[in-house]
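Before any comments, here is the structure.
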Amino acid sequence: MSSEALTPEEFTHNEDKYIPDPFPFYARMRAEKPSYHSDRIFGGAWLFFSYADNVALMTDERLSNARAAVPLWFLPPDQRDAVADMVGVFERWLAFHDGPSHTKLRRQANRSYVPFTDEFLEPRIQAIVDRLLDSVDPAGFDLMTDFAFPLPAMVIAAVLGVPVEHHPDLTRWTDDIAHLFGSTQVSLEHVLQTRKSTKELVEFLASPDIVAHAARAGGLLQTLRTTEVRGSRFDADEVVAQAALLLFAGVASIRYLVGNAVHTLDSRPVSDRKLLLAKDTVDDAVEEVLRYCTPVQFVGRISNTDFDYVDARGTHCLIEAGRPMLLYVASANRDEQAFPDAGSLVLTRPAPNRHLTFGAGRHLCFGDPLVRQTTRIALASLYERFPMLRVCPQELNWNNNLGFHGFQTLAVAES
């Protein structure tokens, strides 16, 4: 569909025509309206599409990350009150804190993650990848169903110290949460389903059997509980919340990144795949995959105060306090003003690759090391086993919200 048919007035994350290929629309917005006030999104939200504006606003102290309840703003007060327990879980996520509170929680979480080095995780992730690939038929399999869907929940379960066989439940619970935060319109029915899934996830992570299993395994669920920084520890609710955040941040991101990468590489020379196999080129190649195949399309903020912001084209944006701000990192990552040949996947793009896939400033994604490592191992293993892997002719089946952009199914085969 042409970019002219995709208008900002109709744009939402759940409008089907924008989902398959939003990038021509993003390019048009960067050129014509890098800032746009949408009445359709969250009752009035500012949208920003350029790299310069994304970077500036991600680090602007006039904006807050305390946005746990934004997806529920369409509900009347009594219905919002009915799901307050769910919002309370999200409000404990370090990602939704600002200032000293965020610094404290982030410091605590980072210290808890210290034992989980690349060297420690590498064989564990590789074993899960090998287990999944051992089960596929090279003559034809569904990349998403057979590999990309189970992989991230299995990896994060292993990191947390949770029995890996629970990965279908972890995927189901976190998918409901991801749909809530990736959408701009959700039904009350889905909100209630997400509340149920959040409750089940919290009860699972807090259950005595799972806590004991994580302690025996020395998993992150245990180190979040026991790590002390400056005389402080996470309380029990905070432990569960940060574990749930890692699942939310990692499951959908890794899944769709793998699928997007394989789909994109299918149109590239087969020789490009070798760049994902060689130690001296793989890191730059993965960073470029993160830039070009961005699974999470935006990050959100809330304005703390009234202010006048001047966008990349010199347009004055009169921002009101309490207004949602949506920063489209997937658009920023394709901005020609920031990246030469931005509309192409260039796996030899030299470091540093200043993509915004994980954000910028103090609110970098908590799960970014795990996303990078799992994606690297997954793609390298796929192409090492199946060097001539091809995407089969098919009608592409996309996820149902733009916030998490990727495939639900993707038929592939070794040619």
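Other residues, nucleotides and ligands place no more than 12 heavy atoms under 6.0 Å from the CZ atom of Arg354. Within 6.0 Å of CD in Glu189 there are 12 or fewer heavy atoms belonging to other residues, nucleotides or ligands.
In this pair, Phe181 and Phe96 present their aromatic rings tilted. The plane angle is within the 30 to 60° band. Ring geometry for Tyr256 versus Phe149: interplanar angle over 60°, hence perpendicular rather than tilted (30 to 60°). A tilted orientation is assigned to the rings of Trp173 and Phe204, their planes being inclined by 30° to 60°.
Listed by first then second residue, pairs satisfying side chain to side chain donor-acceptor pair (under 3.5 Å) with a partner in residues 129-156 read Gln126-Asp130, Asp134-Arg385, Asp142-Thr145, not counting sequence neighbours.
Between Trp398 and Phe407, a ring centre-to-centre spacing shorter than 6.0 Å is recorded. Between Trp93 and Phe248, the ring center distance clears the sub-6.0 Å criterion. With ring centers used as reference points, Tyr328 lies 6.0 Å or more from Phe48.
A search for side chain to side chain donor-acceptor pair (under 3.5 Å) contacts involving Asn54 returns nothing, not counting sequence neighbours.
Residues Phe339 and Val346 have side chains not in contact (no heavy-atom distance under 4.5 Å, counting atoms from C-beta outward).
Salt bridge Lys274/Glu384: absent, no basic N to carboxylate O contact under 4.0 Å.
Minimum heavy-atom separation, Ile19 to His405: O-NE2, 2.6 Å.
Ser197 and Gln193 share a side-chain donor-acceptor pair at under 3.5 Å.
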